[in-house]
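Encoded as structure tokens, the structure appears first; notes follow it.
These figures come from a predicted structure and were not determined experimentally. Below, each value reflects all heavy atoms present in this structure, side chains not excepted, and no hydrogens, waters or symmetry copies. Order of appearance sets the numbers: ligands from 1, and atoms from 1 within every ligand.
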Amino acid sequence: MTKPIWIKNIHQLTTLASKEEGPRSKAAMSALGIIEDGSLWIEDGVIQSVGSTEEVERLYATRIHEADIVDATGHLVTPGLVDPHTHIAFGGSREREFEMRLEGVSYMDIMNAGGGIHATTRMTREAKEEEIISQTTKRLDSFLHHGVTTVEGKSGYGMNLETELKQLRVMKQLQQSHPVDLVPTFMGAHAVPPEFKGREDEFIDHLIDEMLPVVADEKLAEFNDVFCEKDVFTPEQSKRILEAGKKYGLIPKIHADEIVAYGGAELAAKVGAISAEHLLKASDEGIKAMAKAGTIACLLPATALYLREDAANGRKMIDEGVAVAISTDCNPGSSPTTSMPLVMNLACISMRMTPAEALTAATYNAACAINRQDKIGSLEVGKQADVVLWNVKNYQELQYLFGVNHTKTVWKKGVKVVG
Ligand SMILES: N=CN[C@@H](CCC(=O)O)C(=O)O
Ligand SMILES: [Fe+3]
Ligand SMILES: [Zn+2]
């Protein structure tokens with residue numbers, strides 16, 4: 001039996017609790033469920049009580065002596081951050097492309113010349129499973145040190161059955177061995193691999209007939225994602241891939257309108273995708289369609305910064321009623337970062353979101369984007385005790401003092417894993 005944990009005197013406790021269930025938009029993204037001088041009682045990996053220090057102390061008066069006591073005077077406490085979109089499990093690295101882009105070569109030109117996603121695919125195909133595990137473990141450790149306790153991860157650097165399975169099995173193994181929860185997505189349709197060049201539809205047949213059944217049979221993924229983009233997959237092709245995944249119970253996600261406006265946001269609404277990603281160039285109609293369908297916009301402002309593009313219009317999406325989540329997009333090409341606090345800051349600076357909206361986007365809405373809102377994303381009785389104690393006094397300060405890691409202590413399922 002592990003000891004209970006009593007966190008008391010929390011200067012500001014942002015619970016993100018709400019009576020309403022499901023993704024939050026508009027004013028609901030600013031309601032952080034704040035408790036001043038707050039307190040949490042954690043036991044068996046679960047939150048048992050949330051309230052003021054006085055309330056929780058009264059409830060547990062007879063058991064205080066059993067607990068590990070954490071005095072959080074002067075500190076902010078939030079739910080563990082959730083990253084709902086990464087490409088975390090891959091081989092190799094692409095620092096030379098960073099230089100090339102600074103010299104003026106575009107992301108798509110690099111990819112069309114066999115670099116970019118294709119370069120990482122070659123390196124991931126060649127890498128041994130142990131190498132990918134060791135590299136991915138380092139990235140997960142770094143996430144945890146930035147207060148991130150759950151991470152979605154996509155395959156898509158294999159684009160053949162063998163390597164897609166290798167990536168997904170690596171994630172499954174790390175889900176068991178690493179404290180960070182890893183939520184798997186199949187993204188075989190990340191690009192058309194060289195062996196199918198010019199035969200896109202044949203590749204899609206292959207993906208649908210040969211890859212999807214095995215991924216589903218081995219229960220290696222919960223979501224199915226596709227790079228719907230000019231020179232990659234058309235909206236029609238993307239629809240075919242996502243509809244096929246649905247037959248196997250895989251929930252659609254879609255990389256949409258990142259480089260050009262391509263009808264990706266509209267498609268996401270139409271196929272009932274849980275989220276659409278990137279959306280830098282999403283059309284007004286697409287944004288309206290997403291609001292109506294309840295599709296979450298998963299926005300990646302670090303990627304926009306890294307590619308020196310204007311970020312998605314997060315402000316407008318929230319005002320139009322779209323629930324917004326944010327993510328690092330951690331990947332070797334367009335966003336090699338593991339810092340969700342940096343992404344929260346960029347949500348404010350480049351997408352004109354408020355610090356409160358950015359925190360909701362990085363916790364509760366992010367949990368919704370990976371279908372985990374019943375377990376994580378807020379600090380409520382019965383939920384998993386994924387909790388972060390920060391070296392700042394309130395959520396505004398967390399985002400105002402940018403580029404610095406403010407994490408002090410992280411508990412995952414009630415176990416102290418950082419600090
Ligand atoms: N846009 C497509 N996929 C990734 C980038 C992958 C890569 O460059 O390796 C993204 O989400 O940004
Ligand atoms: Fe894990
Ligand atoms: Zn991505």
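- Shown here is Glu195, whose CD atom has more than 12 heavy atoms of other residues, nucleotides or ligands within 6.0 Å.
- Ordered by chain and number, His85 NE2, His87 NE2, His255 NE2, Asp329 OD1 make up the set of protein N, O or S atoms under 2.8 Å of the Zn ion (ligand 3).
- At least one heavy atom of His278 sits closer than 4.0 Å to an atom of ligand 1.
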Can you check side chain to side chain contact (heavy atoms under 4.5 Å, CB included) on Leu279 and Met317, steps first, answer last? CA-CA 10 Å; Leu279 300 168; Met317 291 181 200; 3.9 Å; yes
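- Near Gly333, the atoms of ligand 1 lying under 4.0 angstrom from a non-hydrogen atom of the residue are 8 (O).
- Nearest to atom 1 (N) of ligand 1 among the protein's heavy atoms is Glu258 OE1, 2.8 Å.
- Close contacts between ligand 1 and Ile117 involve ligand atoms 6 (C), 7 (C), 8 (O), 9 (O) [criterion: under 4.0 Å to a heavy atom].
- Taking the side chain as every heavy atom from C-beta outward, Gln373 and Tyr364 approach each other to under 4.5 Å.
- Here the rule is side chain to side chain contact (heavy atoms under 4.5 Å, CB included) with Ile370, and of Pro84, Pro184, Ser327, Cys298 only Pro84 fits it.
- Interface of Asp329 with ligand 1, defined as ligand atoms under 4.0 Å from a residue heavy atom, comprises 10 (C), 11 (O), 12 (O).
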Run Thr2 and Val415 through side chain to side chain contact (heavy atoms under 4.5 Å, CB included) and show every step you take. CA-CA 9 Å; Thr2 51; Val415 176; 5.8 Å; no
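- Between Thr303 and ligand 1, no N or O atom pair is found at a separation short of 3.5 Å.
- In terms of N/O distances under 3.5 Å, ligand 1 is not approached by Thr120.
- Summarising the local packing, CG of Asp205 is surrounded by more than 12 heavy atoms from other residues, nucleotides or ligands at distances under 6.0 Å.
- Note on ligand 1: Met111 sits outside its first shell, no heavy atom being nearer than 4.0 Å.
- Using a 4.0 Å cut-off to heavy atoms of His85, the atoms of ligand 1 that qualify are 11 (O).
- Applying the 6.0 Å contact sphere to CZ of Arg101 captures more than 12 heavy atoms from other residues, nucleotides or ligands.
- In summary, Glu20 and Lys26 do not engage in a salt bridge, as defined by a charged side-chain N under 4.0 Å from a carboxylate O.
- Contact check for Ile117 versus Met159: side-chain heavy atoms found under the 4.5 Å cut-off.
- Ligand 1 does not have Phe90 within reach: every non-hydrogen atom of the residue lies 4.0 Å or more from it.
- In this structure, of Tyr306, Tyr157, Phe227, the residue bringing a heavy atom nearest to atom 6 (C) of ligand 1 is Tyr157.
- Interface of Ser334 with ligand 1, defined as ligand atoms under 4.0 Å from a residue heavy atom, comprises 5 (C), 8 (O), 10 (C), 12 (O).
- Applying the 6.0 Å contact sphere to CZ of Phe196 captures more than 12 heavy atoms from other residues, nucleotides or ligands.
- Those atoms of ligand 1 with a heavy atom of Arg94 less than 4.0 angstrom away are 7 (C), 8 (O), 9 (O).
- Scanning the protein heavy atoms around atom 4 (C) of ligand 1, the nearest turns out to be His87 NE2, 3.6 Å.
- Lys292 NZ: 12 or fewer foreign heavy atoms inside a 6.0 Å radius.
- Electrostatic pairing of Glu285 and Lys288 does not count as a salt bridge here, judged by no charged N lying under 4.0 Å from a carboxylate O.
- A donor-acceptor contact closer than 3.5 angstrom is absent between the side chains of Lys416 and Thr409.
- Close contacts of ligand 1 with Tyr107, meaning ligand atoms under 4.0 Å from a residue heavy atom, involve 5 (C), 6 (C), 7 (C), 8 (O).
- For the pair Arg139 and Phe90, the cation-pi criterion (under 6.0 Å, within 45° of the ring axis) is fulfilled.
- At least one heavy atom of His190 sits closer than 4.0 Å to an atom of ligand 1.
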